[in-house]
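Written out below as structure tokens is the structure these notes cover.
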Amino acid sequence: YAMPADEFAEEYGLGITVSPLRRQLDPNERYRESLANSALEDYRADLRLCELPELPTLIDLPAVAEDVALALRGLVNQDPVVTSEVQRWRECMSAYGLQFTSPSAMAASFRDRAARVDRNELDQLAEEEVDVARADVRCRPPYMAAVRAAVPKVLDEYRALVEAELFES
């Protein structure tokens, strides 16, 4: 965060429904709303002229990176210290009356719900998110310390697996 975690939680919750990016209005939105239908179609046609042609993809690097990150996250979550800290985080959140299985499940819950609510319900969900984030910012530090300690170990293990696969022959 560019600001202390407790201030971010107070202002933006978990950064899902009350994201700083969502608060910024698209500068072109007002302009588009001012256009008549025919002018709006012309505007969109002009934008399409600016689009680059799609190039063939040899390797989908973002997808590969996402797969690697997912695998690494799974290995980090299996670390015994991280597993123990997830349990302590759950107990801490429970003391605030909140029931989530893990920090990632908590975030996923808000992402899923934000995708299903209409604009009228989004404000209520954002308030709930800020309340949850206030508790999370108090409960999360030991968990994050365990994750930070586990990451280098997991990366070393993963590097060894990849090297063995690459140089096996």
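Computation of the quantities below employed the complete heavy-atom set of this structure, encompassing side-chain atoms and omitting hydrogens, waters and symmetry-equivalent molecules.
- With hydrogens and angles ignored, the 3.5 Å screen pairs no side-chain donor or acceptor of E41 with any backbone N or O of S38.
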Worked verdict on Y12 versus V130 for side-chain contact (heavy atoms from CB on, under 4.5 Å): CA-CA 7 Å; Y12 302 112; V130 168; over 6 Å; no
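- Atom-to-atom distance recorded for L166:CG and L161:CG is 11.0 Å, nearest 0.5 angstrom.
- Under the 4.5 Å side-chain heavy-atom criterion for grouping Ile, Leu, Val, Met, Phe, Trp and Tyr, L70 is not connected to V154 through any hydrophobic cluster.
- Qualifying side chain to side chain contact (heavy atoms under 4.5 Å, CB included) partners for D67, counting only residues two or more places apart in sequence or in other chains: none.
- M144 and V137 fall into different hydrophobic clusters, where Ile, Leu, Val, Met, Phe, Trp and Tyr are joined by side-chain heavy atoms under 4.5 Å apart, directly or via other members.
- The minimum heavy-atom distance linking G13 with A133 is given by the pair C-CB, 3.3 Å.
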Working for side-chain contact (heavy atoms from CB on, under 4.5 Å), residues T83 and N77: CA-CA 6 Å; T83 302; N77 288 337; over 6 Å; no
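- At least one side-chain heavy atom of M106 sits under 4.5 Å from a side-chain heavy atom of R140.
- The stretch residues 70-86 participates, sequence neighbours left out, in these salt bridge (charged side-chain N to carboxylate O under 4.0 Å, His left out) pairs: D79-K153, E85-R88.
- When the side-chain hydrogen bond (donor to acceptor under 3.5 Å, both in side chains) test is applied to R134, the partners found at least two apart in sequence or on another chain are E10, D131.
- Within the structure, disulfide bond (SG atoms under 2.5 Å apart) contacts touching residues 120-153 (residues at least two apart or in different chains) are C92-C139.
- Linking Ile, Leu, Val, Met, Phe, Trp and Tyr residues whenever their side-chain heavy atoms come within less than 4.5 Å places L75 and V147 in a single cluster.
- When the side chain to side chain contact (heavy atoms under 4.5 Å, CB included) test is applied to E7, the partners found at least two apart in sequence or on another chain are M3, P4.
- With hydrogens and angles ignored, the 3.5 Å screen pairs no side-chain donor or acceptor of T17 with any backbone N or O of L122.
- For residues 97-117, the set of pairs meeting the salt bridge (charged side-chain N to carboxylate O under 4.0 Å, His left out) definition, not counting sequence neighbours, comprises R113-E128.
- A donor-acceptor contact under 3.5 angstrom links the side chains of Q99 and S94, judged on distance only.
- Of all heavy-atom pairs spanning S102 and W89, the tightest one is C-CZ3, 3.3 Å.
- Summarising the geometry, atom CD belonging to E129 is positioned 5.0 Å from atom CD1 belonging to I16; distances are rounded to the nearest 0.5 Å.
- Considering all non-hydrogen atoms of both residues, V151 and V76 come closest at CG2-CG2, 4.0 Å.
- V81 and L72 fall into different hydrophobic clusters, where Ile, Leu, Val, Met, Phe, Trp and Tyr are joined by side-chain heavy atoms under 4.5 Å apart, directly or via other members.
- Within the model, atoms CE of M93 and OH of Y96 stand 9.0 Å from one another, a figure rounded to the nearest 0.5 Å.
- For the residue pair F110 and V132, the shortest heavy atom distance occurs at CZ-CG2, 3.7 Å.
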